[in-house]
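Data block below; observations after.
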Amino acid sequence: SAVISQKPSRDICQRGTSLTIQCQVDSQVTMMFWYRQQPGQSLTLIATANQGSEATYESGFVIDKFPISRPNLTFSTLTVSNMSPEDSSIYLCSGLGNEQFFGPGTRLTVL
Amino acid sequence: GEDVEQSLFLSVREGDSSVINCTYTDSSSTYLYWYKQEPGAGLQLLTYIFSNMDMKQDQRLTVLLNKKDKHLSLRIADTQTGDSAIYFCAALSGGYNKLIFGAGTRLAVHP
């Protein structure tokens with residue numbers, strides 16, 4: 001099974017700033033995804049990270065707010081831009097190989 | 001699009017069996033997953049079932065799939081206090097390789 005790590009594990013940020021979250025998978029996966037879990041809620045898919053091309057965003061999420069990179073098969077970044085308190089959530093990276101695994105999440109608090 | 005629904009709360013006595021139910025709408029969903037999330041932790045993949053299977057057993061866990069009714073259940077035998085967590089049902093949306101999550105069922109195990 002794949003192991004997914006994320007950095008940072010948590011952060012507290014000021015309104016208007018941006019944070020980049022890194023995701024590393026220990027083996028090649030066919031697809032990588034970014035999810036958001038707002039407090040007390042289920043997971044919502046933000047986008048599919050495509051290697052070497054623009055990510056595919058779900059309805060309600062846009063590239064300007066959540067730019068995503070995936071330079072190779074095992075690494076991806078998600079940036080939360082121009083943050084507001086409403087962006088306070090857990091952001092989870094996920095990889096799909098034979099099964100779909102999740103990273104431990106990045107707990108973001110925006111003041 | 002795919003919609004996944006779960007009951008929100010289940011309380012059981014230690015040693016009893018727990019049954020968590022889930023329904024989904026996309027009949028072309030290929031894989032159905034159960035994840036466990038403990039407080040403050042990420043998502044742990046518990047088990048999954050392919051859509052051409054009716055049942056899968058893995059130690060204390062039994063997954064039943066009724067494809068006709070689009071109903072999935074997770075049975076935990078001999079439930080322990082360490083099983084207290086939120087359990088998420090997720091369906092791999094057919095043709096899109098996206099996991100759609102239910103709202104999660106909070107399982108409380110009491111002595």
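What you see is a predicted model, and the numbers here were worked out from it, not measured in a lab.
- In terms of non-hydrogen atom pairs under 4.5 Å with chain A, the most contact-rich of B:Gly102, B:Ala90, B:Gly104 is B:Gly102.
- Judged purely by atom type and a 3.5 angstrom limit, B:Tyr35 has no side-chain atom pairing as donor or acceptor with the backbone of A:Phe102.
- Both B:Leu61 and B:Leu10 sit in one connected hydrophobic cluster of ILVMFWY residues. Membership requires side-chain heavy atoms under 4.5 Å apart, directly or through other members.
- Residues B:Leu74 and B:Leu72 are members of one and the same hydrophobic cluster, defined by side-chain heavy-atom contacts under 4.5 angstrom among Ile, Leu, Val, Met, Phe, Trp and Tyr.
- Residue with the most contacts toward chain B among A:Arg107, A:Glu58, A:Gln6: A:Glu58 (heavy-atom pairs, distance under 4.5 Å).
- By the criterion of side-chain heavy atoms lying less than 4.5 angstrom apart, applied directly or through intervening Ile, Leu, Val, Met, Phe, Trp or Tyr residues, B:Val63 is grouped together with B:Leu46 in one hydrophobic cluster.
- Between the side chains of A:Gln100 and B:Tyr33, no donor N or O sits under 3.5 Å from an acceptor N or O.
- A 4.5 Å side-chain heavy-atom check between A:Leu43 and B:Leu43 finds at least one atom pair inside the cut-off.
- For B:Leu99, the parts lying under 4.5 angstrom from a heavy atom of chain A are both the backbone and the side chain.
- Proximity to chain A is absent for every atom of B:Gln44, based on heavy atoms less than 4.5 angstrom apart.
- Cluster annotation: A:Tyr91 and A:Met83 are assigned to the same hydrophobic cluster (Ile/Leu/Val/Met/Phe/Trp/Tyr, side-chain heavy-atom contacts under 4.5 Å, transitive).
- Hydrophobic clustering places A:Ile4 together with A:Met31 (ILVMFWY residues linked when any side-chain heavy atoms are closer than 4.5 Å, directly or through intermediates).
- Listed here is the closest heavy atom pair of A:Ser42 and B:Ala103: CB-CA, 3.7 Å.
- Between A:Gln37 and B:Phe88, the shortest heavy-atom distance links the atoms NE2-CZ, 3.6 Å.
- In terms of the salt bridge (charged side-chain N to carboxylate O under 4.0 Å, His left out) criterion, residue partners of B:Arg60 (sequence neighbours excluded) are, by chain and number, B:Asp83.
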